[in-house]
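Keep in mind that the numbers below use all heavy atoms, side chains included, and drop hydrogens, waters and symmetry copies.
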Amino acid sequence: MSLLRSLAAGFAGAIALNALHETVRRLRPQDAPRMDLLGERGLRQLLAKADAPQPNDQQAYLLTLAGDVLSNSLYYSFVGNDKRSPRRGLALGVAAGVGGVLLPGPLGLGTAPSNRTPQTQAMTVAWYTIGGLVAGAVAKALR
């Protein structure tokens, strides 16, 4: 049962993160983080290395969104479900946000989607942190 609670908390954090990303990228296109673009670039690189057919733009977006929710759900599920879950969620969120700013360039995905402006960098860290906090709060509520 504890695993299911952790997974549910992780899913809640991932949904919160993706809802923020999708909402803000539509409201502030000039400086909102575009983690969706990083995901699509990663997907296309993997498919190219596997000599697999490339999806069209809509398919790539949907596949990336689904992969993002799944991977972030699993990542945020590491909050567990004990009294330290909120602190763990905070730490996981900050770590993911900092990684979202620092890692795309070295991974060959480009830097603009998460590094375009100082506001973009701050929003990237903040959105992942909020996702972690939501996961921690849900884990605490489900205890």
Side-chain angles (χ1 to χ4, degrees), residues 2-82 84-142:
S2 129
L3 176 63
L4 286 177
R5 289 184 202 141
S6 294
L7 289 171
F11 182 71
I15 293 299
L17 168 64
N18 279 284
L20 266 170
H21 272 290
E22 290 300 309
T23 301
V24 176
R25 81 176 180 90
R26 286 178 172 83
L27 296 175
R28 295 186 56 114
Q30 69 278 11
D31 61 0
R34 292 299 310 268
M35 305 313 272
D36 56 310
L37 295 179
L38 292 175
E40 287 181 33
R41 289 175 186 173
L43 173 66
R44 291 189 185 285
Q45 285 179 7
L46 286 172
L47 292 173
K49 287 183 188 223
D51 288 326
Q54 292 288 328
N56 66 38
D57 289 344
Q58 181 67 18
Q59 290 170 327
Y61 170 77
L62 293 173
L63 287 169
T64 300
L65 184 61
D68 198 41
V69 170
L70 177 63
S71 63
N72 283 313
S73 293
L74 293 173
Y75 176 76
Y76 285 135
S77 73
F78 285 110
V79 297
N81 67 341
D82 58 28
R84 294 183 307 272
S85 294
R87 281 181 283 174
R88 230 181 267 119
L90 173 64
L92 286 166
V94 170
V98 170
V101 171
L102 299 178
L103 293 177
L107 292 173
L109 301 173
T111 57
S114 62
N115 260 320
R116 192 166 45 262
T117 67
Q119 292 84 1
T120 307
Q121 295 170 344
M123 283 187 266
T124 299
V125 174
W127 296 176
Y128 281 96
T129 301
I130 289 168
L133 290 171
V134 167
V138 169
K140 183 178 178 181
L142 293 176

Determine, for Asp82 against Arg5, whether the closest basic-nitrogen to carboxylate-oxygen distance falls under 4.0 angstrom. no

Distance (rounded to the nearest 0.5 Å) between Asp36 CG and Asp68 CG: 8.5 Å

Exceeds 12 heavy-atom contacts within 6.0 angstrom, atom OH of Tyr61: yes

Assess whether atom OH of Tyr75 is packed by more than 12 heavy atoms of other residues, nucleotides or ligands within 6.0 Å. yes

Test side-chain contact (heavy atoms from CB on, under 4.5 Å) on Phe11 and Leu7; report intermediate values, then the result. CA-CA 6 Å; Phe11 182 71; Leu7 289 171; over 6 Å; no

Can you name the nearest heavy-atom pair linking Gly136 to Val79, along with the distance? N-CG1, 4.1 Å

Checking Thr129, Val125, Thr124, Ile130 against Trp127 for side-chain contact (heavy atoms from CB on, under 4.5 Å), the one that qualifies is Ile130

Going from CZ on Arg28 to CE on Met123, what distance comes out if it is rounded to the nearest 0.5 angstrom? 5.0 Å

Report the C-alpha distance between Glu40 and Leu43 in whole Å, list the side-chain angles of each, state the deciding distance to 0.1 Å, and finish with yes or no for side-chain contact (heavy atoms from CB on, under 4.5 Å). CA-CA 5 Å; Glu40 287 181 33; Leu43 173 66; 5.5 Å; no

Quick one, Pro55 and Leu47 - any side-chain contact, counting heavy atoms below 4.5 Å? yes

What one should report as the nearest heavy-atom pair of Arg116 and Gln30 is NE-O, 3.1 Å

Distance-minimising heavy-atom pair for Gln45 and Leu107: OE1-O, 4.2 Å

Intermediate values then yes/no, side-chain contact (heavy atoms from CB on, under 4.5 Å), Tyr128 and Val98: CA-CA 9 Å; Tyr128 281 96; Val98 170; over 6 Å; no

Atom pair CZ (Arg25) and CG (Leu20), whose distance is rounded to the nearest 0.5 Å: 13.0 Å

Minimum heavy-atom distance between Tyr76 and Ala135, given as atom pair plus value: CB-CB, 3.8 Å

Contact check, side chains of Thr111 and Val101, non-hydrogen atoms, under 4.5 Å: no

Polar side-chain atom of Gln54 near backbone of Arg44 as donor-acceptor pair, under 3.5 Å: yes

Whether Thr120 side chain and Asp31 backbone form a donor-acceptor pair below 3.5 Å: yes

Give, for atom CG of Leu90 and atom CZ of Arg84, the distance between the pair rounded to the nearest 0.5 Å. 14.5 Å

About how many Å separate OG1 of Thr23 and CG of Asn18, when rounded to the nearest 0.5 Å? 10.0 Å

Restricting to non-hydrogen atoms, name the atom on Gln121 and the atom on Asn115 that form the minimum distance, rounded to 0.1 Å. NE2-OD1, 2.6 Å

Can you measure from CG (Asn72) to CE (Met35) and round to the nearest 0.5 angstrom? 9.0 Å

Please find the pair of heavy atoms, one from Gly110 and one from Pro104, that lie closest to each other, and give the distance. O-CB, 3.1 Å

